[in-house]
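Okay, so here's the structure we're looking at.
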Amino acid sequence: MSPRPMAPSGPPPAASASPPTTTPHATPTTTPTTTPHAAAGASLPLPLAGEGRGEGRRTAPPLTLGRDRGNRTLRYLALAAVAIVMLYPLLWLVGASFKSNAEIFSSAGFWPERLDFGAYAKGWKTSTEYTFATYFLNSFLITIPRIVVTVISCVLVAYAFARFEFWGRKFLFSIMIATMMLPLIVLRLPQYLVFREIGWLDSYLPLIVPSAFATDTFFVFMLVQFLRGIPRDMEEAAQIDGCNALQLLWHIIVPLLKPAIISVIVFQFIWTMNDFMGPLIYLASVEKYPVSLALKMSIGATEEVEWANVIAISVVALIPSVAVFFAAQKHFIEGATSSGVKG
């Protein structure tokens with residue numbers, strides 16, 4: 001064995017610029033190699049949440065936009081076609097009011113050859129000593145009081161069914177709902193006998209007074225369902241402040257019931273204006289006839305009927321109901337579709 005060389009004394013020599021050499025016995029150090037795929041993956045950013053599932057896209061492909069636009073156009077065309085089919089009888093009614101009898105039965109189109117308002121003037125005078133102004137007034141004398149008593153009675157009954165707990169509540173509510181299944185013609189004879197004994201025939205009382213006892217069960221049911229969707233937080237706060245049941249009804253419930261009450265008013269107005277059987281049974285004097293009976297009376301049974309006059313007054317008779325509907329359209333739709341307060 002050769003002797004080990006001794007380390008030189010003195011300061012250590014300066015580092016040389018040449019790279020160090022390794023002995024054959026030293027293990028060479030290797031640098032990690034990367035594949036082309038790994039290198040490419042390391043340089044790409046990580047995908048955001050939602051990418052790859054269509055959530056991060058800002059614009060849809062042109063094909064999808066074109067398909068959606070085509071579907072929307074088809075829906076609008078279908079709705080327009082249905083609207084024309086539904087509105088054409090009304091348009092024909094308005095157009096036929098300007099036609100003669102021969103033109104009414106010879107042409108299915110609604111546009112008249114010439115605009116002649118003579119049918120409106122002749123139809124308004126009627127064949128009696130009264131004009132249609134009297135019959136419209138009679139209709140309003142029946143409709144307005146009936147609406148008032150209907151709203152008051154139905155709101156009170158619906159409030160009792162929706163907010164109070166009493167014995168037999170569910171049973172009585174079931175009986176009330178069951179009366180909706182009865183045809184009105186079944187009740188005509190008993191009611192007629194009762195009103196004859198009371199002496200109310202040939203007056204408006206048989207047409208108004210029954211509604212004061214919440215006999216319009218459909219309105220009661222609608223109001224009850226609306227009340228069940230209204231939370232009781234405001235009522236409980238008012239009770240803490242000392243409000244009684246009637247104060248709760250007037251200050252809390254009635255304002256929240258406004259859409260449903262307007263729906264009741266619209267329905268009752270249209271149904272009463274179009275009611276024919278009730279006035280026909282209870283009224284005998286011509287001067288007390290409503291519009292519905294006056295229209296039937298204008299169709300003579302022995303002489304030739306001037307259909308243009310009848311159609312013209314029918315168009316005029318539609319104006320109050322249409323005006324009331326469009327005036328209350330916003331609240332009417334809200335009351336028919338919603339079931340409580342928003343939010």
Side-chain angles (χ1 to χ4, degrees), residues 123-158 172 175-223 261 264-303 305 309-310 313-321 324:
W124 187 265
K125 294 179 180 179
T126 71
S127 58
T128 64
E129 56 181 326
Y130 307 102
T131 64
F132 261 90
T134 302
Y135 303 132
F136 272 104
L137 178 61
N138 295 338
S139 294
F140 293 141
L141 289 177
I142 298 171
T143 303
I144 295 176
R146 187 173 181 181
I147 289 175
V148 172
V149 297
T150 298
V151 170
I152 294 174
S153 62
C154 291
V155 168
L156 289 173
V157 174
L172 293 176
I175 295 296
M176 185 198 70
I177 297 301
T179 58
M180 296 175 60
M181 311 301 173
L182 288 176
L184 292 178
I185 195 65
V186 175
L187 305 175
R188 294 295 185 187
L189 181 58
Q191 289 177 347
Y192 180 84
L193 296 176
V194 170
F195 295 143
R196 187 187 64 177
E197 295 297 326
I198 299 175
W200 284 2
L201 296 183
D202 199 21
S203 68
Y204 299 145
L205 293 177
L207 304 173
I208 299 173
V209 173
S211 297
F213 297 94
T215 55
D216 300 291
T217 54
F218 171 74
F219 298 144
V220 177
F221 175 74
M222 184 177 67
L223 292 172
I261 291 175
V264 171
I265 292 173
V266 172
F267 276 123
Q268 189 67 285
F269 184 90
I270 295 175
W271 292 349
T272 306
M273 288 291 292
N274 296 335
D275 187 18
F276 177 79
M277 189 61 65
L280 179 64
I281 293 174
Y282 300 119
L283 299 178
S285 302
V286 177
E287 65 270 14
K288 296 181 180 179
Y289 279 4
V291 174
S292 56
L293 287 185
L295 282 172
K296 177 62 179 68
M297 188 178 58
S298 62
I299 303 176
T302 56
E303 57 186 10
V305 179
N309 301 348
V310 178
I313 297 302
S314 300
V315 173
V316 175
L318 287 175
I319 293 176
S321 298
V324 168

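Please read all numbers here as calculations on a predicted model, not as lab measurements. Residue numbers start at 1 and run along the sequence shown.
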Spacing of [atom1] belonging to [X] relative to [atom2] belonging to [Y], to within rounding of 0.5 Å:
X	Y	atom1	atom2	answer
Ile198	Arg196	CD1	CZ	12.0 Å
Ile177	Ile175	CD1	CD1	10.5 Å
Ile144	Ile208	CD1	CD1	10.0 Å
Trp271	Phe219	CH2	CZ	4.5 Å
Met180	Thr217	CE	OG1	5.0 Å
Thr272	Ile142	OG1	CD1	8.5 Å

Would you check if [X] and [Y] make a side-chain contact, meaning some heavy-atom pair closer than 4.5 Å?
X	Y	result
Arg146	Phe269	no
Ser203	Phe195	no
Trp200	Val194	no
Tyr204	Pro145	no

Shortest non-hydrogen separation from [X] to [Y] and the atoms involved:
X	Y	answer
Val186	Pro190	O-CD, 3.5 Å
Val157	Val220	CG1-CG1, 3.8 Å
Pro320	Phe136	CG-CE2, 4.1 Å
Leu223	Ile261	CD2-N, 4.5 Å

Report the C-alpha distance between Thr150 and Val264 in whole Å, list the side-chain angles of each, state the deciding distance to 0.1 Å, and finish with yes or no for side chain to side chain contact (heavy atoms under 4.5 Å, CB included).
CA-CA 8 Å; Thr150 298; Val264 171; 4.1 Å; yes
Between Tyr282 and Tyr192, how do the two ring planes meet: parallel, tilted or perpendicular, split at 30° and 60°?
parallel
Hey, can you tell me if Phe132 and Trp124 have their rings parallel, tilted or perpendicular (30° and 60° cut-offs)?
tilted
How about Phe221: does its CZ atom have over 12 heavy atoms from other parts shown lying under 6.0 Å from it?
no
Does a sphere of radius 6.0 Å around CE in Met277 hold more than 12 heavy atoms from other residues, nucleotides or ligands, not counting ones at 6.0 Å or beyond?
no
I'd like to know if the side chain of Ser321 and the backbone of Leu318 have a donor-acceptor N/O pair within less than 3.5 Å.
no
I'd like to know if the side chain of Ser211 and the backbone of Leu207 have a donor-acceptor N/O pair within less than 3.5 Å.
no
Listed pairs under 3.5 Å, donor-acceptor, residues 286-295 side chains, sequence neighbours left out:
{"from": "Lys288", "atom 1": "NZ", "to": "Asp202", "atom 2": "O", "distance (Å)": "2.7"}
{"from": "Ser292", "atom 1": "OG", "to": "Asp275", "atom 2": "O", "distance (Å)": "2.7"}

